[in-house]
Amino acid sequence: MALTINAMKIAEQYLTEALKQLHAEHALRTMHVDIAISDTDSSRTVGRVNLRRRGEQGTLTMSTQLDECTQGELLLLAGSALALYGQATDALAATDDDTEEK
């Protein structure tokens with residue numbers, strides 16, 4: 001349970017920063033991030049993060065369909081999320097390095 005609470009705090013920090021950055025970039029708009037499981041026969045969205053613009057502010061909501069996933073699918077999702085997190089934070093660090101060099 002503590003790991004879940006820590007992960008949610010980290011997610012909240014990133015999502016809050018994303019809202020601030022999108023606003024600073026004048027790119028704040030309604031959009032969403034879908035998390036899907038796909039194979040050759042089908043695709044189903046198992047998670048969605050919605051960003052809605054409300055004037056100059058943004059609101060975030062998340063919905064999931066994880067109760068429909070098998071244990072193997074949940075492990076696949078968790079591993080994939082961590083791998084994507086690693087790639088995204090590496091890309092952010094590279095962007096920060098580029099900015100500092102200029």
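A quick note: this is a predicted structure, and the numbers were derived from the prediction, not measured.
- When atom types are taken as modelled, the side chain of Thr89 and the backbone of Gly86 share a donor-acceptor pair closer than 3.5 angstrom.
- Contact check for Leu84 versus Ser80: no side-chain heavy atoms found under the 4.5 Å cut-off.
- Evaluation of the salt bridge (Lys or Arg N to Asp or Glu O under 4.0 Å) test over residues 32-50, restricted to residues two or more places apart or in two chains, returns Asp34-Arg48, Arg44-Glu73.
- If you chain together hydrophobic residues whose side chains sit under 4.5 Å apart, Leu74 and Ile37 fall into the same group.
- The closest side-chain heavy-atom distance from Val46 to Cys69 is below 4.5 Å.
- Both Met31 and Met62 belong to a common hydrophobic cluster when Ile, Leu, Val, Met, Phe, Trp and Tyr are linked at side-chain heavy-atom distances under 4.5 angstrom.
- With rounding to the nearest 0.5 Å, the separation of NE2 in His32 from OG1 in Thr45 is 7.5 Å.
- Summarising the geometry, atom OG1 belonging to Thr59 is positioned 4.5 Å from atom CZ belonging to Arg54; distances are rounded to the nearest 0.5 Å.
- Leu19 is linked by a side-chain contact (heavy atoms from CB on, under 4.5 Å) to Leu28, Leu51, Leu60, counting only residues two or more places apart in sequence or in another chain.
- Contact check for Leu77 versus Leu66: side-chain heavy atoms found under the 4.5 Å cut-off.
- Side-chain contact, Gln21 with Glu25: a donor N or O sits under 3.5 Å from an acceptor N or O.
- Transitive grouping of hydrophobic side chains (ILVMFWY, heavy atoms separated by less than 4.5 Å) brings Ile10 and Leu92 into a common cluster.
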